[in-house]
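What's counted below: heavy atoms across the whole structure, side chains too, no hydrogens, waters or symmetry copies. Throughout, protein chains are lettered first and strands after them, A, B, ... in sequence-line order, and every chain is numbered starting at 1.
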Amino acid sequence: MLDLKFVRENADLVRNAVENKNETADVNKVLELDEKRRAIIGEVENLKALRNKVSEQIAIKKKNKEDASEDIAQMKEVGEKIAALDGDLRSVKEALEYRLIRIPNIPHESVPVGRDEESNVTVREWGKIPQFDFKPLPHWEIGEKFDLLDLPAAAKITGSGFYVLKGIGARLERALICFMLDTHIADGFIEVAPPFVANADAMTGCGQLPKLAEDMYQLKDESLYLVPTAEVPVTNLHREEVLSADQLPLYYVAYTPCFRREAGAAGKDTRGTLRVHQFDKVEMVKIVHPDNSYEEHESLLKQAEKIVQMLEIPYRVRLLATGDLSFAAAKCYDIEIWEAGVDKYLEISSVSIYEDFQARRMNCRFRDRDGKIRFVHTLNGSGLALARLTATILENYQTEYGTIVIPEVLRPYMGGLAEITDSEQQKK
RNA sequence: GGAGAGGUGGCCGAGCGGCUGAAGGCAGCUGCCUGCUAAGCAGUUGAACGUGUGAGCGUUCCCUGGGUUCGAAUCCCAGCCUCUCCGCCA
């Protein structure tokens, strides 16, 4: 959420941001409601001041056994007016709030302006795209061949959009989770194991609600949602708090499954485990001082890249254009890894900075060294998303002999296993 | 799920329906003082919103939301959360 005063004073900038982000929020309506709100406040607060003053006099008169019935009658009238105005004020505030939380964050000046992903910019590329003397298999075929991945079984349990990992496949995923968590922890991140559900306040705090309501699973008869990302429970760790300056920066890392309905995404990169309703993810969250948050953003990106590099997977970093930027983000890098089996880059990580947009929605503040209370800045980045990563490893690490090499860094987590050679292996 | 207790400022903890934004203590800050591992004395220390160039002024906030009243931290109702005991349970 943007600061109301900021919107008031920078209406053009905000309108521009709404347009560049392909949003439809009505900024003028916000300004109009704000004006209305301030008019009512002025009126009702004068009446309240009067009531407070006279009520005090009534108390004195009563103490002196004087007659106060005239004052009381008058204040009864004032009280009714106040009640009416308070009612008006509340509905105006609600309408204002409704509009305000639907205004997207403003893109940072370094973000390229553009309608969609066509305008994204490649910041850098890393690694060599592997060349094969044979046609590399896609992960769903590898998974079936070695009995690591069972899509038909998942369909029996849930319907489409889910997957089952078995044997070495399941272990590979678990190995990745442990490897990534351990790596981030060693670099100073605090591990968090949060709930996998969150309430509407938490969802609103991060900006998932109201916009993405259709993309989330909501529990029946409960006001809880399955988390679409660990960002939600972890960033909300400090909602409604005033932190001290020396607590910052806070670095968290959490593993959670992520649940997404992917409404309207049918047909796009949907083979195998490339787009599913539930996937695992290790997510990093930073809560930082506003003065150096963009440096923190760059270092967060580096932290995510580190994982990809350690796994020796070729990737590129893309700076998202305004039109591809999410509702709450001010700036975002995507890391896209090269998947040999499907012959293209796929998004594996989003590293975003929200400035104080989420902090304001969550009311997460800190007391700066000069004693002033300010909103923190929040950031998060996948480090990394699992389903596609597991698929990529199976595809990129296949050999001409039809085997799959296990990346060096994962072997300690796989009981020393260096290569998947046959489907019998996992029964041992 | 059943029974009970409770939710007040950074923390602890008072609070009769009316000078209580809130006693007292701790912690913090600022002075003064003292030559000694820090004590004593005095003062000071919340947030949001509105208004004003500004010092300031005003309004609101004692878990949340309603209600009673001229006036609510204080009374009534509903909800949320925490704790204790019982039951159930991985």
Side-chain angles (χ1 to χ4, degrees), chain A residues 1-9 30-101 193-205 209 219 221-225 233 236-248 250 257 287 290 356-376:
Chain A
M1 170 165 72
L2 297 173
D3 181 20
L4 186 54
K5 267 189 210 138
F6 180 87
V7 177
R8 197 187 299 154
E9 288 159 15
V30 167
L31 297 176
E32 191 184 303
L33 287 164
D34 176 44
E35 212 157 297
K36 215 165 166 183
R37 163 183 153 271
R38 286 188 290 158
I40 298 172
I41 285 177
E43 202 176 337
V44 75
E45 288 193 350
N46 281 338
L47 288 176
K48 283 181 178 174
L50 175 68
R51 181 178 69 183
N52 287 346
K53 216 158 114 198
V54 176
S55 289
E56 211 171 289
Q57 288 164 2
I58 291 172
I60 293 166
K61 284 187 181 175
K62 285 211 165 183
K63 201 178 267 176
N64 297 338
K65 308 275 187 209
E66 290 172 38
D67 176 41
S69 54
E70 201 174 302
D71 286 338
I72 289 174
Q74 194 195 338
M75 284 310 102
K76 194 173 174 77
E77 233 172 86
V78 170
E80 279 159 14
K81 270 190 210 162
I82 289 173
L85 285 172
D86 269 342
D88 294 348
L89 184 59
R90 191 190 325 179
S91 52
V92 168
K93 272 184 170 170
E94 271 169 20
L96 182 60
E97 176 89 345
Y98 179 91
R99 302 275 176 173
L100 196 56
I101 62 169
F196 300 161
V197 291
N199 60 31
D201 284 342
M203 291 298 178
T204 306
L209 285 179
L219 267 51
D221 301 329
E222 300 267 354
S223 55
L224 292 173
Y225 299 82
N236 274 284
L237 239 30
H238 297 287
R239 69 177 293 112
E240 304 288 345
E241 278 187 27
V242 179
L243 303 161
S244 68
D246 45 81
Q247 276 178 277
L248 302 178
L250 287 163
I287 297 175
D356 61 8
F357 190 84
Q358 293 181 327
R360 188 171 284 110
R361 289 165 91 102
M362 290 190 302
N363 198 26
C364 177
R365 299 172 295 172
F366 76 105
R367 189 177 297 278
D368 212 344
R369 300 199 193 280
D370 60 7
K372 284 225 178 68
I373 289 188
R374 303 170 66 185
F375 286 106
V376 299

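The side-chain heavy atoms of A/Lys48 and A/Asp86, taken from C-beta on, include a pair separated by under 4.5 Å. In this structure, A/Arg38 and A/Asp34 have side chains that are in contact, with non-hydrogen atoms separated by less than 4.5 Å. Side-chain contact between A/Leu2 and A/Phe357 is present, with heavy atoms from C-beta onward closer than 4.5 Å. In this structure, the side chains of A/Ile287 and A/Leu243 come closer than 4.5 Å at one or more pairs of heavy atoms.
The NZ atom of A/Lys62 sits 9 Å away from the C1' atom of B/G71 (whole-angstrom rounding). Regarding A/Glu45, its CD atom lies at a distance of 13 Å from the P atom of B/G52, rounded to whole Å. For the pair A/Leu89 CG and B/G50 C1', the interatomic distance rounds to 11 Å; values are reported in whole Å. Atom NZ in A/Lys48 sits roughly 15 Å away from atom P in B/G58 (whole-Å rounding). The interatomic distance linking A/Asn199 (CG) with B/U64 (P) rounds to 17 Å, in whole Å. Protein atom CG of A/Leu243 is 13 Å distant from nucleotide atom C1' of B/G10, rounded to whole Å. The separation between A/Arg37 atom CZ and B/U51 atom P is 8 Å, rounded to whole Å. One interatomic measurement links the two molecules: NZ of A/Lys36 to P of B/G50, which rounds to 18 Å at whole-angstrom precision.
When each of A/Gly79 and A/Asp34 is assigned the nucleotide of RNA chain B with its nearest heavy atom, A/Asp34 is the one assigned upstream, toward the 5' end.
Contact detail for A/Met203 and A/Ala198: the closest heavy-atom pair is CE-CB, 3.9 Å. For A/Leu209 against A/Arg361, the heavy-atom pair with the smallest separation is O-NH2, 2.9 Å.
As judged by a 4.0 angstrom heavy-atom cut-off over every strand, A/Ile60 is placed among residues making no nucleic acid contact. A/Arg8 comes within 4.0 angstrom of the backbone, heavy atoms only, and of no base. Using a 4.0 Å heavy-atom criterion, one finds that A/Ile58 contacts the bases of the nucleic acid, with or without backbone contacts as well. Residue contacts shown for A/Asn52 are limited to sugar-phosphate atoms, with no base heavy atom under 4.0 Å away. Within 4.0 Å of A/Lys372, counting heavy atoms only, lies no atom of the nucleic acid at all. A/Lys63 comes within contact range of no nucleotide atom at all, as no heavy-atom separation falls under 4.0 Å.
A 3.5 Å limit on both hydrogen-bonding distances identifies no Watson-Crick or G-U partner for B/U74. Nucleotide B/C49 has B/G58 as its partner under the Watson-Crick or G-U criteria, with both atom distances under 3.5 Å. Across all strands shown, B/U20 forms no Watson-Crick or G-U wobble pair with both key distances under 3.5 Å. The nucleotide B/A3 finds its pairing partner in B/U84, both defining distances of the Watson-Crick or G-U wobble pair being shorter than 3.5 Å. B/C29: Watson-Crick or G-U partner is B/G43, with both key distances under 3.5 Å. B/U34: no Watson-Crick or G-U partner with both key distances under 3.5 Å is found in any strand. Across all strands shown, nothing is found opposite B/U68 as a Watson-Crick or G-U wobble partner with both distances under 3.5 Å.
A sub-4.0 Å separation between OP1 or OP2 of B/C49 and a side-chain N or O of A/Arg38 is absent. An OP1 or OP2 oxygen of B/G46 is reached within less than 4.0 angstrom by no side-chain nitrogen or oxygen of A/Arg367. One finds a side-chain N or O of A/Arg90 lying less than 4.0 angstrom from the OP1 or OP2 phosphate oxygen of B/G66.
To the nearest whole angstrom, the two C1' atoms, one in B/U74 and one in B/G4, are 23 Å apart. B/G52 and B/C62 have their C1' atoms separated by 30 Å, given to the nearest Å. A gap of 39 Å separates the P atoms of B/C88 and B/G9, to the nearest Å. A distance of about 16 Å separates the C1' atoms of B/G21 and B/C49, rounded to the whole Å. Here, B/U82 and B/A23 have their C1' atoms 26 Å apart, quoted to the whole Å. The separation of B/C29 from B/C16, taken at their P atoms, amounts to 34 Å, rounded to a whole angstrom. Using P as the reference atom, B/A3 and B/C11 are 33 Å apart when rounded to the nearest Å. A gap of 16 Å separates the C1' atoms of B/G65 and B/G7, to the nearest Å.
The side chain of A/Ile41 has B/G50 as its nearest neighbour among B/A47, B/U59, B/G50. Side-chain atoms of A/Ala49 lie closest to B/U59 of the nucleotides B/U59, B/G18, B/A47.
Between A/Asp368 and A/Lys372 there is no salt bridge, since no side-chain nitrogen of the basic residue lies less than 4.0 Å from a carboxylate oxygen of the acidic one.
Panel note: side chain A/Arg239, backbone A/Asp201; a donor-acceptor pair is recorded below 3.5 Å.
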